[in-house]
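One is the number of the first residue; the rest follow in order along the sequence.
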Amino acid sequence: KRAGELYGAPLINNEVIDIGVNFEAFSPNIKFGIARAKLGLSDNEKMVFFSRGLNDIYNLDIIIKTVPIVVKTIPNIKYVFCNLRGDLKFKYDRLIQENKCSDYIISVGRLDHFTEMPYYYRDSDVVLSVPSSDSSPLSVYESMACKTPVIISDLPWFKDKFEKDRDLVIVSVKDIEMLANAIIKVLNGECTVDVDSVYEKVFRNINYKTENLKLENLYTRILKNL
């Protein structure tokens with residue numbers, strides 16, 4: 001919003017319009033177990049999910065380095081990576097081998113956003129989104145819409161929308177030990193997220209139906225002023 005004002009946006013009646021979550025696709029009512037069945041995971045195995053891509057900004061190397069730490073406490077765990085672009089093994093195979101964690105990692109390649117992704121968010125025990133820079137991450141909102149706990153890096157974007165350590169688990173950027181400990185605490189129930197509260201916030205404030213209505217109203221105002 002402040003950046004828009006610098007480029008000439010009005011100082012009043014100025015609002016940010018998010019893409020918004022499609023609650024018809026992403027919902028806690030999604031049947032549990034479909035993604036797990038596809039992956040061959042039992043209900044007793046812990047599932048950590050990452051869907052942000054392979055660019056360096058998303059700190060996938062940091063996530064991989066947490067695996068040998070976490071498995072010491074939680075051996076029945078799988079890290080599931082959805083790769084929107086590129087080949088996980090090609091880019092990170094050496095790091096995976098150095099950390100001896102290939103048995104705990106599953107790469108599922110590209111997932112269809114509406115017909116597959118919701119089941120992965122729903123079946124996960126925790127979703128990770130720990131980039132070095134971020135703005136308004138739809139993947140985080142969609143995880144919240146499925147009432148799945150999310151761990152994010154400590155960046156400014158969330159502070160006007162969510163409450164730290166109630167709606168989200170927050171970790172420092174690129175802090176391997178802190179991220180590993182946060183994953184362990186969430187999976188062991190030592191660190192809880194109020195998934196009902198955060199779901200209501202997303203449904204109320206980041207809903208694609210209301211955001212699209214805002215966009216339609218904006219277009220109407222622009223056309224009237226032409």
Side-chain angles (χ1 to χ4, degrees), residues 1-27 49-63 81-86 91 110-114 117-118 121 127-146 148-175 178-179 182 193-194 197-226:
K1 185 173 181 179
R2 288 191 295 270
E5 291 170 355
L6 290 174
Y7 283 93
L11 300 182
I12 58 173
N13 297 324
N14 179 354
E15 62 181 345
V16 174
I17 301 175
D18 277 299
I19 295 174
V21 175
N22 183 339
F23 281 87
E24 295 173 7
F26 297 89
S27 160
F49 187 50
F50 173 86
S51 65
R52 296 300 304 270
L54 303 183
N55 292 342
D56 292 344
I57 193 174
Y58 295 121
N59 295 323
L60 191 52
D61 57 329
I62 302 299
I63 295 173
F81 296 104
C82 162
N83 311 319
L84 300 182
R85 296 181 182 85
K91 185 167 184 177
R110 185 180 181 87
L111 296 174
D112 184 86
H113 188 74
F114 291 112
M117 191 75 79
Y121 287 136
V127 171
L128 306 182
S129 179
V130 289
S132 296
S133 177
D134 219 344
S135 55
S136 187
L138 186 60
S139 61
V140 172
Y141 304 148
E142 289 171 341
S143 304
M144 294 171 169
C146 295
T148 300
V150 186
I151 299 174
I152 68 166
S153 41
D154 192 359
L155 297 171
W157 73 265
F158 80 91
K159 295 177 181 178
D160 293 332
K161 297 181 178 181
F162 302 109
E163 187 176 336
K164 181 178 180 180
D165 297 331
R166 184 186 182 215
D167 299 329
L168 296 154
V169 178
I170 312 297
V171 297
S172 299
V173 176
K174 290 183 175 293
D175 191 322
M178 189 175 185
L179 176 57
V193 171
D194 189 341
S197 170
V198 76
Y199 171 86
E200 292 299 330
K201 289 180 181 178
V202 174
F203 186 83
R204 184 172 61 251
N205 301 319
I206 315 174
N207 190 316
Y208 90 106
K209 288 186 177 180
T210 55
E211 296 304 295
N212 279 357
L213 183 59
K214 291 178 185 177
L215 196 58
E216 289 175 12
N217 291 335
L218 173 63
Y219 289 157
T220 301
R221 291 198 304 270
I222 290 172
L223 290 172
K224 284 183 176 179
N225 290 329
L226 288 178

- Query: How about Lys209: does its NZ atom have over 12 heavy atoms from other parts shown lying under 6.0 Å from it?
  - Reply: no

- Message: Contact between Asp61 and Asn59 at the side-chain level, heavy atoms closer than 4.5 Å - yes or no?
- Response: yes

- Arg221 vs Leu218 side-chain heavy atoms within contact, under 4.5 Å: yes

- Task: Assign the ring pair Phe162 / Tyr141 to parallel, tilted or perpendicular, where the plane angle (0 to 90°) is split at 30° and 60°.
- Result: tilted

- Note on the structure: When every non-hydrogen atom of Phe23 is compared with those of Phe203, the smallest separation belongs to CZ-CA, 3.3 Å

- Message: Is it the case that the side chain of Asn55 and the backbone of Ile57 share a donor-acceptor pair, with hydrogens and angles ignored and the cut-off at 3.5 Å?
- Response: no

- Could you check if a side-chain atom of Val127 sits within less than 4.5 angstrom of a side-chain atom of Val140, using non-hydrogen atoms only? no

- Message: Is the shortest side-chain heavy-atom distance between Pro118 and Glu142 below 4.5 Å?
- Response: no

- Query: Hey, what do you get for CG (Leu128) to CD1 (Ile152), rounding to the nearest 0.5 Å?
  - Reply: 11.5 Å

- Hey, are the side chains of Met178 and Val130 touching, using non-hydrogen atoms and a 4.5 Å cut-off? no

- Message: side chain to side chain contact (heavy atoms under 4.5 Å, CB included) for Met117 and Phe26? Distances and angles first, verdict last.
- Response: CA-CA 9 Å; Met117 191 75 79; Phe26 297 89; 4.3 Å; yes

- For Phe49, all residues meeting ring-ring contact (aromatic ring centres under 6.0 Å, His included), sequence neighbours excluded: Tyr120, Tyr121

- Ser143 side chain vs Ser139 backbone, donor-acceptor pair below 3.5 Å: yes

- Query: Considering residues at least two apart in sequence or located in another chain, which fulfil the side-chain hydrogen bond (donor to acceptor under 3.5 Å, both in side chains) criterion with Asp134?
  - Reply: Arg52

- Query: Say you draw a straight line from CD1 of Ile222 to CG of Asn217; how long is it, rounded to the nearest 0.5 Å?
  - Reply: 11.0 Å

- Item | Pairwise side-chain contact, Val193 with Leu168, heavy-atom cut-off 4.5 Å (strictly under) | no

- Message: Can you give me the closest heavy-atom contact between Val16 and Lys214, atom names plus distance?
- Response: O-NZ, 4.5 Å

- Item | Which residues share a side-chain hydrogen bond (donor to acceptor under 3.5 Å, both in side chains) with Asp167, sequence neighbours left out | Lys201

- To the nearest 0.5 Å, atom CD of Glu5 lies from atom CD1 of Ile12 at 11.0 Å

- Task: Mind listing the closest non-hydrogen atom pair of Ser132 and Val173 along with its distance?
- Result: OG-CG1, 3.7 Å

- Item | Atom pair CG (Asn212) and CG (Asn22), whose distance is rounded to the nearest 0.5 Å | 9.5 Å

- Item | Asp18 side-chain N/O to Gly20 backbone N/O, donor-acceptor pair under 3.5 Å | no

- Task: Answer yes when Lys91 and Asp56 have at least one side-chain N-carboxylate O distance shorter than 4.0 Å, and no when they do not.
- Result: yes

- Query: Is there side-chain contact between Pro131 and Ser153, with heavy atoms separated by less than 4.5 Å?
  - Reply: yes

- Task: Nearest 0.5 Å please: distance from the CD1 atom of Ile206 over to the OG atom of Ser136.
- Result: 6.0 Å

- Under 4.5 Å between any side-chain heavy atoms of Glu211 and Ile19, yes or no? no

- If you round to the nearest 0.5 Å, how far is OH of Tyr199 from CZ of Arg204? 12.0 Å

- Closest approach of Val21 and Ala145, non-hydrogen atoms and distance? CG1-CB, 3.8 Å

